[in-house]
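Predicted model only: the values in this text are computed from it and were never measured. Quick note on labels: first sequence line is chain A, next is B, and so on, each numbered from 1.
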Amino acid sequence: MDTPTSGPTPAAGGAPATPAPTDFIRDIVAADLQAGKHQRIVTRFPPEPNGYLHIGHAKSICLNFGIAREFDGICNLRMDDTNPTKEEVEYVDSITADVKWLIDGWAEDRLGLKPAGRTAEPATVNGRTDYHLPATVGAGHGALLEPFYASDYFQPLYEYALELVRKGVAYVCDLSPEETDRYRGSPDRPGQDSPFRDRSIAENLDLFTRMKAGEFPDGTRTLRAKIDMSAPNIWLRDPVLYRIRHAEHHHTGGAWCIYPMYDFAHCLSDYIEGITHSICTLEFEVHRPLYDWILEQLALPRPLPRQFEFARLNLTYTIMSKRKLLQLVNEKLVFDWDDPRLPTISGMRRRGVTPQALRQFAYHIGVTKYNGLTDVAVLEHAIRDDLNRRAQRRLAVIRPLRIVITNYPEGQSETVAATNNPEDPGAGVRQVPFGRELYIEQDDFQENPPPKYFRLRPGGEVRLKYAYIIKCEEAIKDAAGVVIELRCTADLESKRGGATANRKVKGTIHWVSAPHAIEAEVRLYDRLFTVPEPDAAGDFKQFLNPHSLDVVMARCEPSLGEARPELRYQFERLGYFCLDPDSQPSTDRARLVFNRTITLKDTWAKEARRE
RNA sequence: UGCCGGAUGGUGUAACGGUAGCACAGCAGACUCUGGAUCUGUUUGUCAUGGUUCGAAUCCAUGUCCGGCAGCCA
């Protein structure tokens, strides 16, 4: 994905070259280009600003921006903001930031924006009034750029609606919402014509104008397309085009009290922006005839956009519904939209997942019309694969057990050389302090270990990574019988370069020098849900994992005091970690907070479970 | 019982009338100063039944199962 065969873009972030993806949508785009249908491909990513973006949106972003970069096109970012009661600027801002983060270094030169404040102005094309707002690509135009907004087209949309009325294919209907439902019929029973269906064009014009002027309360009238109340496709049974909402809009303020419906706004927004391929998810498939109907009725002078549908992403052990994510946030079951346990883009970013990993994941799952359920293990693999290549290795002990090397001179210390990244020799080495008193992981000692346990046991030997082989001579317990300290001896010749350096011991464990260690809060995350399909039946909240967050105080090697928020770390043998924004910069009151992005694969855990 | 769409190993995805492949997961082994990484091997699949064809996952027919659609949400 980072090196499409159709372009010379070099691999990003050291990721290996991957062939350009192919799928049925890219096939269509390639064929359309081949047939000379378009001079330039324009796609769009059109979220509604009513929540934060999640990994399902990431799939769509990768598809739409991926097509733009592979076919030398553009992908517009557009707020699909036609419902003032659900949308907020906070969401506009988070969406914009998340998109930019995800495409950075990959397709940021394909991001279609427009000068701030610009709306679609009428022009004359082939003797017809036309509205066209082509994208400005990339920054540096002097002008401040912003995303597109469907709400910037409210005036053109209103003009188009008037045209449908004048043409006699749209009418003002006085039915209440409940009556409208009843008249619509059901999937296997045709609907009935509204009693207001045959109003004169003049009356419709008058009424629609007065709707816009604010003469009628919410819910009293709608503008409807006049299509066919007996159509087998429900969306062709005189769908509502406009409804009355006396509500403040986050982008247009109080300018309007009638708002277009999705079906009316979307196809025309696509047209206005010159979109060639309007790619959406499967549930809009039945809307496509309406999408086409509206555009065709208006006899527009430029080429029409075409809609294509693909299957949205479903992932095991999580939920994707914006409504349910909002519920978790509102009910404080998670801290916020960027809670690292959430599948939101901002949550995953905070957790330490990189954009490269997300893109690689999108590449691997592909694009089809089959509505499946993707194993979260595919995501986890993409994350580990990416982090393994980029993470700086560090030593940190999450649940400390004190040990004393009795034959190491008191008061003495030294430093040992530690490899920063075995996957990247260029990353070099660092010096880590070593001394008589250390911390090791509680898990790395067992008094009565099971078979095949390679770590420390009474009388047993283990290698301290980058340092000496030690032998456990004695386990000291407290009054309750729990082991609180280990007395060990070291083979002082077994350090790298020493006489017995090549002695084989079965286990190697990590450690930290006790007097040099710095403390850090470490947040250990696990799956948010305990079942693969929390959405499947009943209340998803009953499947919340009570152990999805565990906070511990870890002892870390001193170099972690200079940890940087943009870097990724592997705490050796534990997992991948990154600095959380809750951390305070290194002052005398420094506070370090790390998030565990993901554990290392643990085949021992599997082995232990098997018993 | 209306309309639209879909069905390939456990999961996701390729094969576009010519040897069913890849990834994840699983299993077995090698290697390892991370029980990580890496490497090797390996179990498991074309929804069913007919038809066309020298040859069908692919084309046709019938059936089965699954998903979506009845907001003045998107």
- Item | Validation row, ring centre A:Tyr242 to ring centre A:Phe264 under 6.0 Å |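 Distance test on ring centres: under 6.0 Å, yes.
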
- Message: Counting the benzene-type ring for Trp, do A:Tyr158 and A:Phe208 have ring centres under 6.0 Å apart?
- Response: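 Yes.
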
Base-pairing assignment for [N] (Watson-Crick or G-U wobble, both under 3.5 Å):
N	result
B:A61	B:U49
B:A15	none
B:G55	none
B:U32	none
B:C24	B:G10
B:C69	B:G2

Scan [X] against the nucleic acid and name what it touches under 4.0 Å (heavy atoms): base, sugar-phosphate only, or nothing.
X	value
A:Leu282	nothing
A:His510	nothing
A:Asp218	nothing
A:Lys601	sugar-phosphate
A:Glu423	base
A:Thr603	sugar-phosphate
A:Tyr259	nothing
A:Gln570	base
A:Leu223	nothing
A:Leu574	nothing
A:Gly372	sugar-phosphate

Between [N] and [X], is there an OP1 or OP2 to side-chain N/O distance shorter than 4.0 Å?
X	N	value
A:Arg288	B:G5	no
A:Arg245	B:C73	yes
A:Thr180	B:C72	no
A:Lys506	B:U32	no
A:Lys495	B:C33	no
A:Arg393	B:G36	no
A:Arg573	B:G35	yes
A:Thr82	B:A74	yes
A:Arg243	B:C73	yes
A:Lys369	B:G67	no

Nearest-Å distance for atom pair [atom1]/[atom2], residues [X] and [N]:
X	N	atom1	atom2	answer
A:Ile383	B:G36	CD1	P	19 Å
A:Asp27	B:U13	CG	P	15 Å
A:Phe264	B:C72	CZ	P	16 Å
A:His287	B:C3	NE2	P	18 Å
A:Met261	B:C72	CE	C1'	6 Å
A:Glu441	B:G35	CD	C1'	14 Å
A:Phe284	B:G71	CZ	C1'	12 Å
A:Lys504	B:G35	NZ	P	14 Å

- Message: Does B:G55 count as syn, meaning its glycosidic angle lies within 90° of 0, or as anti?
- Response: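 Anti, since the glycosidic angle lies more than 90° from 0.
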
- Query: Does A:Glu285 get its side chain close enough to the base of B:G6, under 3.5 Å, for a donor-acceptor pair?
  - Reply: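 Not at all, since no donor on one side and acceptor on the other fall under 3.5 Å apart.
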
- Message: With hydrogens left out and only the distance checked, is there a donor-acceptor pair under 3.5 Å joining A:Arg455's side chain and the base of B:G35?
- Response: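 Result: at least one qualifying N/O pair found.
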
Counting side-chain heavy atoms from C-beta on, which of [options] comes nearest to [X]?
X	options	value
A:His364	B:G6, B:A23, B:C72	B:A23
A:Asn371	B:C16, B:G67, B:C69	B:G67
A:Ser186	B:A70, B:G35, B:A74	B:A70
A:Arg184	B:C69, B:C33, B:C72	B:C72
A:Tyr370	B:A25, B:A74, B:A7	B:A7
A:Val378	B:G26, B:G35, B:C24	B:C24

- Is it true that the side chains of A:Tyr569 and A:Arg394 contain a donor and an acceptor less than 3.5 Å apart?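 A:Arg394 and A:Tyr569 do not have a side-chain donor-acceptor pair below 3.5 Å.
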
- Item | Within-4.5 Å side-chain heavy-atom neighbours: A:Ile469 and A:Val462 |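 In short, these two side chains do not touch, never coming nearer than 4.5 Å.
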
- Is A:Ile365 close to A:Phe361 at the side-chain level, that is, under 4.5 Å between some pair of heavy atoms?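 They are in contact (side-chain heavy atoms under 4.5 Å apart), so the answer is yes.
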
- Query: Are A:Phe454 and B:G35 stacked, counting the six-membered base ring, centres under 5.5 Å, planes under 30°?
  - Reply: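 Yes; by the centre-distance and plane-angle rule, A:Phe454 counts as stacking on B:G35.
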
- Query: Per the salt bridge (charged side-chain N to carboxylate O under 4.0 Å, His left out) rule, which among A:Arg457, A:Lys465, A:Arg455 passes with A:Asp444?
  - Reply: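 With A:Asp444 as partner, A:Arg457, A:Lys465, A:Arg455 yield a single salt bridge (charged side-chain N to carboxylate O under 4.0 Å, His left out), made by A:Arg455.
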
- Query: For A:Asn233 and A:Ser494, take the nucleotide of RNA chain B holding the closest heavy atom to each; which residue's nucleotide lies nearer the 5' end?
  - Reply: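 Result: A:Asn233.
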
- Task: Please figure out whether A:Glu178 or A:Ala605 has its closest RNA chain B nucleotide nearer the 5' end.
- Result: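 Its nearest nucleotide lies further toward 5', so the answer is A:Ala605.
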
- Would you call A:Glu441 and A:Arg573 a salt bridge, using N to O less than 4.0 angstrom?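 No, this pair does not count.
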
- Is there a ring-ring contact (aromatic ring centres under 6.0 Å, His included) between A:Tyr291 and A:His287 once you walk through the steps? CA-CA 6 Å; A:Tyr291 183 102; A:His287 293 241; over 10 Å; no

- So A:Asn421 and A:Glu423, side-chain hydrogen bond (donor to acceptor under 3.5 Å, both in side chains) or not? Walk me through it. CA-CA 5 Å; A:Asn421 186 349; A:Glu423 307 294 320; over 6 Å; no

- Is it true that a side-chain atom of A:Asn314 and a backbone atom of A:Gly372 form a donor plus acceptor pair closer than 3.5 Å?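 Such a contact is found between A:Asn314 side chain and A:Gly372 backbone.
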
